[in-house]
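Notes for the one structure printed next.
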Number of protein chains: 2
Amino acid sequence: MTSRTRGDKAEAILEGARQQFMANGYAATSMDQVAVAAGVSKATVYSHFQDKASLFASLIQKMAATKLGVFFDLTQLHRQTQNPTDSLTQVACSMLDTACTDEQSSAFMRLIVAESQRFPELATTYVENVAKPVISQLTQFLDSHPQLHLSDPEATARILIGSLVYYIILEEILGGKQTLHMERDRLVATLVNGIVQSAS
Amino acid sequence: MTSRTRGDKAEAILEGARQQFMANGYAATSMDQVAVAAGVSKATVYSHFQDKASLFASLIQKMAATKLGVFFDLTQLHRQTQNPTDSLTQVACSMLDTACTDEQSSAFMRLIVAESQRFPELATTYVENVAKPVISQLTQFLDSHPQLHLSDPEATARILIGSLVYYIILEEILGGKQTLHMERDRLVATLVNGIVQSAS
DNA sequence: GTCTATAGTACGATAGAC
DNA sequence: GTCTATCGTACTATAGAC
């Protein structure tokens, strides 16, 4: 039993840290809060992680390594031979639904942006492990689609992702849903139309 | 002399607060730091502002009310009768240059995103006083341009701004310039091309 | 109005028992 | 390995002299 519980405390600490850092940010989260949320004493937290910054870095690195799949899974779409409009619409709606439903994905991005000055190397970790693969996969998808021959697929991928990310920031993170709402389908339709038309 | 300096302390405090809050965020900025940066004592800060949250709110409201002009000035472009491609390229490059050159505009957005959970009403202030007017002006610009008859100008405005904002986030805020750099003109050219093509 | 000095609290990190 | 108890510091906010 005890041999099977090795590392469970570390996992519980990381989970408690995730809850608190996501909710309050780095500076406003205390090690006492993390310890309580994890169900351990503060000394146990310090026995597994050198200090607060080290715990935060471990958490971000773990999330950056595992949260890619939540953001994006295009492998299923590569094999399909739909028309470009339907494929792109499906990709865009899938990304928006994930970000709007899963509270964690937008909270994670908010945390990375918030702490990008204090921990620039963690912002780089996010770019390398999340943003870069997403752009890369989407670029390959655009490039390999039979009916889409875009002059610059990587630039188009950035436009597509940027439009969706800004929609999430405005509607979900900054609360624009209340005063500045636009229907999801209006944005996606206009976005997809611009990409398809520019290729023909 | 002394009559002319009325309110100077309040202004100095807001300027000190701006420097510190922009650099460190809300929680990691102490009232001592603000007082030192403003060149006054901590008691003077508390004589002008009720508490830390009130000072922060005053700062954000002031910046949201005054920083719109820095972001955007489209009035000059309305009267010109260039072709759509040149007009849009000029608008996009102007916005990117402003955001890349002026450290404050991207730092302001980062701060709003970072504290959007702690101060949701300030995020709304930002949306109402900055994001909404920018989208509104750009929508009118797109709508009134003689050769552009877009099916949904407001959605197109969001796509345009979103692509540029995400570029700023990736390159400037998250340090992607080092590992994920794309030339500004590549993004703008592809973006403008998609908008113009979809209208013809 | 503005200062110095300080009260009261919460923080990060550690010592020492078990 | 994990706990309780604690050290030294830094924080928000205020009291009282001028």
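Excluded from the calculations below are hydrogen atoms, water molecules and symmetry mates; all remaining heavy atoms, backbone and side chain alike, are included. In the text below, chain A, chain B and the rest are named by the order of the sequence lines, each starting its count at 1. Just so it is clear, the structure is predicted and the values come from calculations on it, not from any experiment.
A/S105 places a side-chain N or O within 3.5 Å of a backbone atom of A/D102 that can act as its donor or acceptor partner. The backbone N or O of B/Q20 sits less than 3.5 Å from a side-chain atom of B/T29, completing a donor-acceptor pair.
For A/S41 and D/dC3, the shortest distance from a side-chain N or O to OP1 or OP2 is below 4.0 Å. Contact check, B/H48 against C/dG1: no side-chain N or O comes under 4.0 Å of OP1 or OP2. Neither OP1 nor OP2 of D/dG1 sits under 4.0 Å from any side-chain N or O of A/S47.
Separating the CD1 atom of B/I13 from the C1' atom of C/dT2 is a distance of 10 Å, rounded to the nearest angstrom.
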Under 3.5 Å, N/O pairs linking protein and nucleotides 9-12 of chain D:
{"residue": "D/dT12", "atom": "OP1", "partner": "B/T29", "partner atom": "O", "Å": "3.3"}
{"residue": "D/dT12", "atom": "OP1", "partner": "B/K52", "partner atom": "NZ", "Å": "3.0"}
{"residue": "D/dT12", "atom": "OP2", "partner": "B/M31", "partner atom": "N", "Å": "2.8"}

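Of the inter-residue distances, the one linking B/I60 atom CD1 with B/E121 atom CD reads 10.5 Å to the nearest 0.5 angstrom. Here CG of B/L138 is found 11.0 Å from CD1 of B/I159. Values are rounded to the nearest 0.5 Å.
With respect to A/E171 and B/R158, a salt bridge is recorded, a charged nitrogen being found less than 4.0 Å from a carboxylate O.
Aromatic pair B/F56/B/F49: ring centres not closer than 6.0 Å.
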